[in-house]
There are 2 protein chains.
Amino acid sequence: MTGPRAAILEILQAQAHPLTNAEIHRLLPAGGVNLATVYRAMALLEKLGMVKQFDFGDGAARYELVREGDDGHHHHLVCTRCAAIVELEECFPVEIQARIAARHQFQAVTHRLEFFGICPACQGAGTGMGGGQ
Amino acid sequence: MTGPRAAILEILQAQAHPLTNAEIHRLLPAGGVNLATVYRAMALLEKLGMVKQFDFGDGAARYELVREGDDGHHHHLVCTRCAAIVELEECFPVEIQARIAARHQFQAVTHRLEFFGICPACQGAGTGMGGGQ
DNA sequence: GTTCTTGCAAAGTTTTTGCAGATTG
DNA sequence: CAATCTGCAAAAACTTTGCAAGAAC
C-alpha cells in the first residue's frame with residue numbers, strides 16, 4: 001500500500017462521483033503516474049473492496065471510493081446530454097429481487113442499475129443543434 | 001433494407017437472447033458478411049427501433065430483436081459463472097422512477113437494469129475449479 | 001536482498017472510419 | 001444513374017500484459 005496508490009485514493013476522496021481511469025490519470029500530478037498503473041491500482045482496490053466499479057454504458061469503467069461503514073452499493077441518474085450525475089438513494093426493491101432469485105433458483109443475486117434522462121439545465125435547449133429556446 | 005441486413009435479422013429471429021456483434025458475425029454464413037458491416041447494421045437497426053441493445057458488464061454490446069407490439073424493454077438474470085441468461089418480466093417500479101425523475105427534475109428518464117447471480121447448474125460446483133457440470 | 005510495484009512499450013479487444021468497388025431501385 | 005451499402009484495411013478507444021528497472025520492508 002504505497003506510492004501512486006495513495007495519490008489515487010486522494011483523488012477519489014475529493015470526488016463525489018465515479019471517475020474513469022483516464023480521468024483519474026489526468027487528475028494525478030502531471031507525469032506522475034502511468035495509465036497502466038492506474039488500471040492495475042483500480043483492479044486491486046476493487047478486489048480489496050475499497051472502490052466500487054460503475055458502468056454508464058459508454059465504453060469506460062468508472063470507480064468511486066467506498067466510504068467507511070458503507071458497501072458502496074447505490075445508483076446514479078445520468079444526463080444523456082451533458083453527463084451530469086446525480087447520486088440516488090433509491091434501490092431496486094429487495095423483495096422483488098428475492099422473488100426473482102427464488103423463482104429461478106439463482107444464488108448470490110445482485111444487480112446493476114443506472115438511470116438516464118435529461119437534466120434541468122439541458123431541457124429546452126433543442127436537440128443539441130440549434131441555439132434553440 | 002437488403003442483403004446482409006436480412007441475414008442478420010434472420011439470425012436474431014432465431015435467438016432467444018441477446019448476441020454480441022462477434023457472435024452474430026460468427027453465426028452468419030461463413031465468409032458472408034464483414035464484421036464492420038455487422039456493426040453498421042446493428043447501429044442502424046437500433047436507430048430504427050428494430051433491435052435493442054443490452055450491456056452485461058463485460059465490454060461487449062449485445063443486441064436482441066424487438067418483437068411486434070413490444071418496445072423491447074426488459075431485463076435479464078445472468079449467471080456469473082456460465083453466462084446462462086434468463087429473461088425477466090419484472091421491471092423497476094414506475095412510481096419510484098417517476099419520483100426520482102420528479103425530485104431531480106429530469107425528463108425522459110429510463111433505466112438500464114441487469115441481475116447477476118449463480119444459476120442452479122453452477123451451484124455447489126466449487127469456485128470455478130472443479131469439473132463443474 | 002527479496003518481494004512487490006512501476007514505467008514503458010507492445011499487444012489484445014471492441015468499435016469506428018475512409019474509401020473504392022459493388023449493389024440497389 | 002444516383003444513392004446507398006459492403007468489404008477491406010487502417011485507426012481509435014479502452015484495457016491488459018511482459019519485462020526490466022525501481023521502491024518498500
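Here the structure is a predicted model, which means the values were calculated and not measured. Chain naming here is simple, since letters A, B, ... match the order of the sequence lines and numbering starts at 1 in each.
When rounded to the nearest whole Å, the span between CG of B/Asn34 and P of C/dA22 equals 16 Å. The nearest whole Å value for the distance from the CG atom in A/Asp55 to the P atom in C/dT14 is 15 Å. B/Tyr39 has its OH atom 19 Å from the P atom of D/dA11, to the nearest Å. Across the protein-nucleic acid pair, A/Lys47 atom NZ and C/dT5 atom C1' stand 14 Å apart, rounded to whole Å. Per the geometry, OH belonging to A/Tyr63 stands 11 Å off C1' belonging to D/dC14, to the nearest Å. Rounded to whole angstrom, the span from the CE atom of A/Met42 across to the P atom of C/dT6 amounts to 13 Å. Rounded to whole Å, the distance from CG on A/Asn21 to C1' on C/dG7 is 16 Å. As a whole-Å value, the separation of B/Leu19 CG from C/dT14 P is 14 Å.
Comparing B/Ala36 and A/Ala41, the nucleotide of DNA chain C nearest to each residue sits closer to the 5' end for A/Ala41. Nearest-nucleotide assignment on DNA chain D puts the 5′-proximal partner with B/Val33, out of B/Val33 and A/Ala61.
Atom CD of A/Gln15 sits in a crowded spot, with more than 12 heavy atoms from other residues, nucleotides or ligands closer than 6.0 Å. Few gaps surround CD on A/Glu87; more than 12 heavy atoms of other groups in view lie less than 6.0 Å from it.
Residue contacts shown for A/Arg5 are limited to sugar-phosphate atoms, with no base heavy atom under 4.0 Å away. Counting any heavy atom pair closer than 4.0 Å across all strands shown, B/Ala22 reaches no nucleic acid atom.
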*I would like to know whether B/His75 and B/Glu114 meet side-chain hydrogen bond (donor to acceptor under 3.5 Å, both in side chains); could you show each step before the answer?*
CA-CA 6 Å; B/His75 308 289; B/Glu114 305 296 349; 4.7 Å; no
*Run the salt bridge (charged side-chain N to carboxylate O under 4.0 Å, His left out) check on A/Arg67 and A/Asp71 step by step: do they pass?*
CA-CA 8 Å; A/Arg67 310 279 174 177; A/Asp71 70 346; over 6 Å; no
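In the set D/dG7, C/dT15, D/dG18, C/dT15 carries the atom at the smallest distance from any side-chain atom of B/Leu35.
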